[in-house]
J.: 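Starting off with a structure, shown below.
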2 protein chains.
Amino acid sequence: MKFDVGDKQSLTAQVYKQLRNDILEGRYETGTFLVETKLAEELGVSRTPIREALKQLELEDLVISIPNRGVTVQGISKPDIDDIFTIRHLLEGQAAYWAAQRINQEQMDQLTETIALMDMYTTKNDAGNLARLDSQFHDTIFAASNCRTLKHILTSLHQNVQRARRSSLSIPERTHKSTEEHHAIFEAIQAHDAQRAKELMEAHIMNVKK
Amino acid sequence: MKFDVGDKQSLTAQVYKQLRNDILEGRYETGTFLVETKLAEELGVSRTPIREALKQLELEDLVISIPNRGVTVQGISKPDIDDIFTIRHLLEGQAAYWAAQRINQEQMDQLTETIALMDMYTTKNDAGNLARLDSQFHDTIFAASNCRTLKHILTSLHQNVQRARRSSLSIPERTHKSTEEHHAIFEAIQAHDAQRAKELMEAHIMNVKK
DNA sequence: CAAGAAAAACATGTATACAATAAAACAAAA
DNA sequence: TTTTGTTTTATTGTATACATGTTTTTCTTG
């Protein structure tokens, strides 16, 4: 698998995405050593982008670095995912709370648009586009919470459980229910009812978990 | 300010600590460009450790990287700190909850020891050692929660508000109160009373905030 | 044959050289 | 004077060479 310099993204970013995906897909056994020179050769780039990508993965806790020894993959297990849902339920609830208080007009417009498109694709049963809009909906709320730290943590967590969320949305019944829940959250934010937005969001996350 | 190769830590780690501290101390104006070559010269190392340190800071959201342009410092403002306390109150509450359920003997022994030392230094009014033990107490609970993600997020947040916590512990009245609260949390964990541990921890964090 | 020391192999940590890109300065034309 | 296109310069992105430390192998010695 060779990487192309023609791609607009930096090599580091491409390597990062590739490795991250491979780890989350479980393509590496836990504990495997990721050797820089080997990866560099395999991916057709120098060690530099590899090192930088590994640094990022380390900060996200997907690999562990042992000084002067190398990095080993940590992966992400089933109970890990359960725990992450619990954490997300707390944090996304808070994000919705703050969003209801702090959202600006532009973000409100964005949410309105996302919700409208969700309705459309729900009737069409288009799971692919719904997954995209789902991410967009949550991302906008993170942004509207106006808390860099929260936005940062949640964006990272969101990606980690992406696969789980995808599979949830592929169940037609869940699709409709999910859109309804998004509607309710949207209305609570529009009404600046922070407490209600929080509770609805918490319930929503726990439903996705199931 | 020159760095020493004799230090056991890697240059990257030293540079990271230095830059992080400078940013948190507010030594750089928000928006300042951190130019790799300039920093490299100032700190007496090559660009490589600088780059790696900046990558880490970017992942912690203390600087923003603009591709092909450079990184600008973000710093951390007063309202940011308030928000971080709110987030910590949620997450540390959950950590205490899980710790009460999942703690092992070794970690329990560690907590027992920390609490005993806290008592001693409280009577001696030794703020420096109390700050250290405070960190240790919370870190042990993160570890006992047995959730990598949570441990990871909280360790990072903990450092960000370290200054605020230090100043809180320098108030003698607060010192005694804080030790009492630690005691109560410790007992709840020892009794494996998850709900109570959570509530006590939440209250504790909010008290520190004030 | 076993144990330990020396050395080779190998990996990461760091420095530096080169390439690509974006901003700034400048010149020319309308 | 303003605008547009070109050149220069500064800075990041990437590759590579070298230094340092760790593991494994090999060889020596009892």
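In what follows, chains carry the letters A, B, and so on, assigned in the order in which the sequence lines appear, proteins first and then strands, with residues in each chain numbered from 1.
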J.: Please collect all ring-ring contact (aromatic ring centres under 6.0 Å, His included) contacts where either partner lies in residues 129-159 of chain A, sequence neighbours excluded, each pair once.
T.: A:Phe137-A:His182, A:His138-A:His158, A:His138-A:His182, A:His138-A:His204, A:Phe142-A:His158
J.: Grab the CG-C1' distance between B:Leu43 and C:dA15 for me, whole Å please.
T.: 15 Å
J.: With sequence neighbours left out, what residues match A:Ala96 under side chain to side chain contact (heavy atoms under 4.5 Å, CB included)?
T.: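 Side chain to side chain contact (heavy atoms under 4.5 Å, CB included) check on A:Ala96 returns A:Ala197, A:Met201.
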J.: Check side-chain hydrogen bond (donor to acceptor under 3.5 Å, both in side chains) between B:Gln136 and all other residues, then give those that pass, not counting sequence neighbours.
T.: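 If we apply the side-chain hydrogen bond (donor to acceptor under 3.5 Å, both in side chains) test to B:Gln136, skipping adjacent residues, the hits are B:Thr114.
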J.: Output all residues satisfying side chain to side chain contact (heavy atoms under 4.5 Å, CB included) with A:Arg102, sequence neighbours left out; order by chain, then residue number.
T.: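 Once residues adjacent in sequence are excluded, the partners of A:Arg102 under the side chain to side chain contact (heavy atoms under 4.5 Å, CB included) criterion are A:Trp98, A:Asn146, A:Cys147, B:Asp83.
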J.: Considering only residues two or more places apart or on different chains, which pairs with a residue in residues 64-80 of chain B satisfy salt bridge (Lys or Arg N to Asp or Glu O under 4.0 Å)?
T.: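 Matches after skipping sequence neighbours: A:Arg148-B:Asp80.
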J.: Please give me every residue in residues 64-74 of chain A whose heavy atoms get under 4.0 Å of an atom in DNA chain D, ordered by residue number.
T.: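 Contacting residues: A:Asn68, A:Arg69.
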J.: Could I get the full list of side chain to side chain contact (heavy atoms under 4.5 Å, CB included) partners for B:Thr37, not counting sequence neighbours?
T.: B:Val35, B:Arg47
J.: Sequence neighbours excluded, which residues qualify as side chain to side chain contact (heavy atoms under 4.5 Å, CB included) partners of B:Val73?
T.: B:Tyr28, B:Thr32, B:Leu34
J.: What residues in residues 30-39 of chain A put a non-hydrogen atom under 4.0 Å from any atom of DNA chain C?
T.: A:Leu34, A:Val35, A:Glu36
J.: Which pairs with one or both residues in residues 88-99 of chain A pass salt bridge (Lys or Arg N to Asp or Glu O under 4.0 Å), sequence neighbours excluded?
T.: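 Passing the test, one end in residues 88-99 of chain A: A:Arg88-A:Glu92.
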J.: Holding to side-chain hydrogen bond (donor to acceptor under 3.5 Å, both in side chains), I want the full list of residues that pass it with A:Glu29, two or more places apart in sequence or in another chain.
T.: none
J.: If you take any heavy atom closer than 4.0 Å to DNA chain C, which residues from residues 46-57 of chain B end up in contact?
T.: B:Ser46, B:Arg47, B:Thr48, B:Pro49
J.: Rounded to the nearest angstrom, tell me the gap between atom OH in B:Tyr16 and atom P in C:dT14.
T.: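 For the pair B:Tyr16 OH and C:dT14 P, the rounded distance is 16 Å.
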J.: I need the single residue from A:Asp139, A:Thr140, A:Ile103 that forms a side chain to side chain contact (heavy atoms under 4.5 Å, CB included) with A:Gln110. Which is it?
T.: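 Running side chain to side chain contact (heavy atoms under 4.5 Å, CB included) over A:Asp139, A:Thr140, A:Ile103 with A:Gln110 returns exactly one hit, A:Thr140.
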